[in-house]
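Hydrogens, waters and symmetry mates play no part in the numbers below; they use all other heavy atoms, side chains included.
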Amino acid sequence: MHRSLRVAALAALVLAALPTLSAQAAATRYESESAAISQGVVESNHTGYSGTGFVNYDNVTGSSVTTTVNAASAGTATITLRYANGTTTNRPMSIAVNGGAAVTKDFPSTGTWDTWASATITAPVNAGTNTVKATSTTVNGGPNLDYIDVDVAAPSNEYQAENATISQGIVDTKHAGYTGTGFVDYTNVTGSYVEFNVNAAAAGTATLSFRFANGTTTNRPMSISVNGAAGIAKDFQGTGAWTTWQEATVSAALNAGANTVRATATTANGGPNLDRLTVSVSGPPDTQAPTVPANPRSTATTSSSISLAWDASTDNSGTIKDYQVREGETVVATVPSTTATISGLAASSTHTYTVTARDPSNNESARSATVTATTQTGGGGGTPVEANGQLTVCGVHLCNEHGKAIQLRGMSTHGLQWEWSCYNAASLDALAVDWKADILRISMYIQEDGYDTNPRLFTDRVHQLIEMASARGMYAIVDWHMLNPGDPFAMNNLAKAKTFFTEIAQRHNNKKNLLYEIMNEPSGVSWSRIRDYAHQIIPVIRANDPESPILVGTRGWSSLGVSEDSNETEVINNPVNATNILYTFHFYAASHGSEYLNTLSRAADRIPMFVTEFGTQNYEGEGSNNFTMSQQYLDLMAAKKISWTNWNYSNDNRTGAVFTTGTCPNGPFTGTTRLKEAGKWIRDRVRTPDDF
């Protein structure tokens, strides 16, 4: 967004409308009304809950809810508790997993009993059955508890020494060549040690590889002990220099789940400099197939696609590599999650599918029960994706698969960390059917309480919204929503973007409805630096998705440099060296007048443009609407076939959010009864589509 988010406003927004987690591929939901309740009751007298009700704790110390959860593998779980607290008093609880040490967590006021928020902890879990017990610690009892979401991170095989438990040693960075953020410099005494907490998906013999440097000519032996057992003596000879790193390996037995690996110096010289531990568990060949995917079902249809879902399988390895969807004997989709969309189907055609699961050893389950679905009746061009197919850039325009220049019109989400409750089946049905939108921009902030706080959660939210847009025949912009800082290289964001876009492109490269916005609003940096970033991230996407258009941000908060005393010529004279790309432009009509408008007009005659964000208010999305200037922009964009998405499809408190406060998550989202003035105005214009 064309503004700097203020800390006070953010704090109020998070407190009043902290987003809830919805069911998605990486997390499993457990409704509290189905858990074991001690001194509490199941009720449904407040709105907004999930499932069939929520738990109202008795107002006593020690009232509790114990949830039995299942983990496909041992690992670290992110446990999110959805709650409401209509009082002004914090209602803390202790959260214990499998009867272990409890973590005390605050559950502050949410304002009303109808307002739900989330509190999150992390804890180790075992493969299989676990218990999560949430116990009130004051006489006020606990909050109302709706559900818990459990997301288990797969065990890593690499452990940085600087993140381990260190006794008589320090984290240092004075010698080059280390990985991570540093290395451990052992104190030169016998008994100094580094202890790693290691999770193994299955029991077996492990190879433990220690990356070390020893700049002396003297061996610095250590004792390697696993789970407190007798140590294994291992030499760590001189490596020639403190900047020369080598590997030393030992073999030891690990348990499934949590283990400790301690490397202890056995001489007065202490240990070597220790960079990391890499763990590889081996065992007998895996010949056991996963369980059969259960409950296959059709979740949505269009005139050319069928969307499917099923319940997750489990495997003795703790990991499901992928699922295969078959029509008869033909594999029509291979996906890593429990959903798939089969596209390119004929209208009014009936299809029957089965699903199998495969583990890392390629053992395949038996086929699931069949699921049969029929595509919708065609006619009238169908959905935007049915009408236009795979998009491409032709000349200075965005064109459909028939080579026709088109204009897409739609909406952008707000940040998924704040307004997640606004993005559900009902709201996206309204956007696709009632608003007749062509496109949804999925805005995932990187910093500002977004991706950085939980990359897995936010990546999965993007996956989910892509599938929801696809099922409704809309195009989807995947927006890497960097705002502060404005430098796309800052805070290691390039590496994060490569990881994120690789996964997105790999999973969805069979879809025709994606566009990738690789940076939202670069600011405070030169066009050459922005261009350099584009040259590094575009090949990452192209390696996995060679066809989808890519959107490149421009200088000065995507203003083609106008906000930083430049103009479109810097892009025209030095364009990004890539094909099938467009450049982005953002404006807010109450702040950005004819200079912005004229810049966009000139640029659109020379380079492909896409307005991925605009508002009818000022650059903070606030204040009064300037519909007159907004219409001038829309007239220009219609005349020059410049596609656009408006900011923003949510119910936050700013005038730029289309829905009135309190609309989400339950709506209604159709019609105009819950729309602000900006919402009514933009809905009318989204509903008048281009002539596809």
TODO: Please say which of F54, Y49, F107 ends up in a ring pair (Phe, Tyr, Trp, His ring centres under 6.0 Å) with W116.
DONE: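 Running ring pair (Phe, Tyr, Trp, His ring centres under 6.0 Å) over F54, Y49, F107 with W116 returns exactly one hit, F54.
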Side chain to side chain contact (heavy atoms under 4.5 Å, CB included) against [X], all qualifying residues, sequence neighbours excluded:
{"X": "K511", "result": "I466, E467, S470, H508, N513"}
{"X": "N70", "result": "Y30, T129"}
{"X": "A369", "result": "P296"}

Does the side chain of [X] reach to within under 4.5 Å of the side chain of [Y], using non-hydrogen atoms?
{"X": "P143", "Y": "M93", "answer": "yes"}
{"X": "M444", "Y": "R461", "answer": "no"}
{"X": "P455", "Y": "K496", "answer": "no"}
{"X": "W310", "Y": "S368", "answer": "no"}
{"X": "H463", "Y": "T339", "answer": "no"}
{"X": "W480", "Y": "Y451", "answer": "yes"}
{"X": "L277", "Y": "V194", "answer": "no"}
{"X": "R326", "Y": "V331", "answer": "yes"}

Open item on the list: I'd like to know whether L208 forms a side-chain contact (heavy atoms from CB on, under 4.5 Å) with V198, so could you lay out the CA-CA distance, the side-chain angles of the two residues, the decisive distance to 0.1 Å, and finally the verdict.
Closed with: CA-CA 11 Å; L208 309 178; V198 172; over 6 Å; no
Has [X] got a side-chain atom pairing as donor or acceptor with [Y]'s backbone, closer than 3.5 angstrom?
{"X": "T110", "Y": "N85", "value": "yes"}
{"X": "E364", "Y": "T356", "value": "no"}
{"X": "N197", "Y": "T260", "value": "no"}
{"X": "N493", "Y": "A490", "value": "yes"}
{"X": "N544", "Y": "V540", "value": "yes"}
{"X": "S118", "Y": "T80", "value": "no"}
{"X": "T266", "Y": "S223", "value": "no"}
{"X": "N214", "Y": "T218", "value": "yes"}
{"X": "N295", "Y": "D311", "value": "no"}
{"X": "Y353", "Y": "S298", "value": "no"}

- [ ] Look at the rings of Y516 and F501 and say which category their plane angle falls in: under 30° parallel, 30 to 60° tilted, over 60° perpendicular.
- [x]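 Plane angle over 60°, so perpendicular.
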- [ ] Check the angle between the aromatic planes of F210 and F236 and answer parallel, tilted or perpendicular using the 30° and 60° thresholds.
- [x] perpendicular
Open item on the list: My understanding is that only one of S64, S136, S63 makes a side-chain contact (heavy atoms from CB on, under 4.5 Å) with Q39; could you say which?
Closed with: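 Only one of S64, S136, S63 forms a side-chain contact (heavy atoms from CB on, under 4.5 Å) with Q39, namely S63.
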List the atom of [X], the atom of [Y], and the distance in Å for their closest heavy-atom pair.
{"X": "S548", "Y": "D545", "answer": "OG-OD2, 2.8 Å"}
{"X": "S32", "Y": "I37", "answer": "O-CD1, 4.2 Å"}
{"X": "Y533", "Y": "A497", "answer": "OH-CB, 3.5 Å"}
{"X": "A258", "Y": "N227", "answer": "O-OD1, 4.4 Å"}
{"X": "E503", "Y": "T459", "answer": "OE2-CG2, 3.5 Å"}
{"X": "A471", "Y": "S307", "answer": "CB-OG, 3.5 Å"}

Open item on the list: Filter on salt bridge (Lys or Arg N to Asp or Glu O under 4.0 Å), then keep only pairs touching residues 212-228, sequence neighbours left out; what's left?
Closed with: none
How long is the straight-line distance from [atom2] of [Y] back to [atom1] of [X], given to the nearest 0.5 Å?
{"X": "L514", "Y": "R507", "atom1": "CG", "atom2": "CZ", "result": "12.5 Å"}
{"X": "I79", "Y": "T67", "atom1": "CD1", "atom2": "OG1", "result": "9.5 Å"}
{"X": "I442", "Y": "Q464", "atom1": "CD1", "atom2": "CD", "result": "10.0 Å"}
{"X": "S313", "Y": "D359", "atom1": "OG", "atom2": "CG", "result": "10.5 Å"}
{"X": "L274", "Y": "F196", "atom1": "CG", "atom2": "CZ", "result": "4.5 Å"}
{"X": "T122", "Y": "I95", "atom1": "OG1", "atom2": "CD1", "result": "12.0 Å"}

Task: Pairs touching residues 178-191 that satisfy side chain to side chain donor-acceptor pair (under 3.5 Å), sequence neighbours left out - done: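 Checked against side chain to side chain donor-acceptor pair (under 3.5 Å) - neighbours excluded - the pairs reaching residues 178-191 are Q160-T179, E162-T181, T179-D275.
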Open item on the list: Quick test of your reading: applying side chain to side chain donor-acceptor pair (under 3.5 Å), list the pairs with at least one residue in residues 228-257, sequence neighbours left out, ordered by first then second residue.
Closed with: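 As it turns out, the side chain to side chain donor-acceptor pair (under 3.5 Å) pairs with a partner in residues 228-257, which skip direct neighbours, are N219-D235.
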Open item on the list: Looking only at the side chains, is there a donor atom on one of H481 and E448 sitting less than 3.5 Å from an acceptor on the other?
Closed with: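 No, E448 and H481 have no side-chain donor paired with an acceptor closer than 3.5 Å.
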Task: Evaluation steps, side-chain contact (heavy atoms from CB on, under 4.5 Å), between N259 and V279 - done: CA-CA 11 Å; N259 298 265; V279 180; over 6 Å; no
Open item on the list: Closer than 4.0 angstrom, basic N to acidic O: yes or no for E158 and R211?
Closed with: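 No salt bridge links E158 with R211.
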- [ ] May I ask you to decide whether K321 forms a salt bridge with D315, counting only side-chain N to carboxylate O separations under 4.0 Å?
- [x]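 No, no charged N to carboxylate O under 4.0 Å.
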TODO: For side-chain contact (heavy atoms from CB on, under 4.5 Å), just list the numbers for V462 and L416, CA-CA rounded to whole Å, side-chain angles, deciding distance to a tenth of an Å, and then say yes or no.
DONE: CA-CA 9 Å; V462 173; L416 305 185; 4.1 Å; yes
- [ ] Let me see the working for D172 and F183 under side-chain contact (heavy atoms from CB on, under 4.5 Å), right down to the final yes or no.
- [x] CA-CA 6 Å; D172 210 337; F183 58 86; 3.8 Å; yes
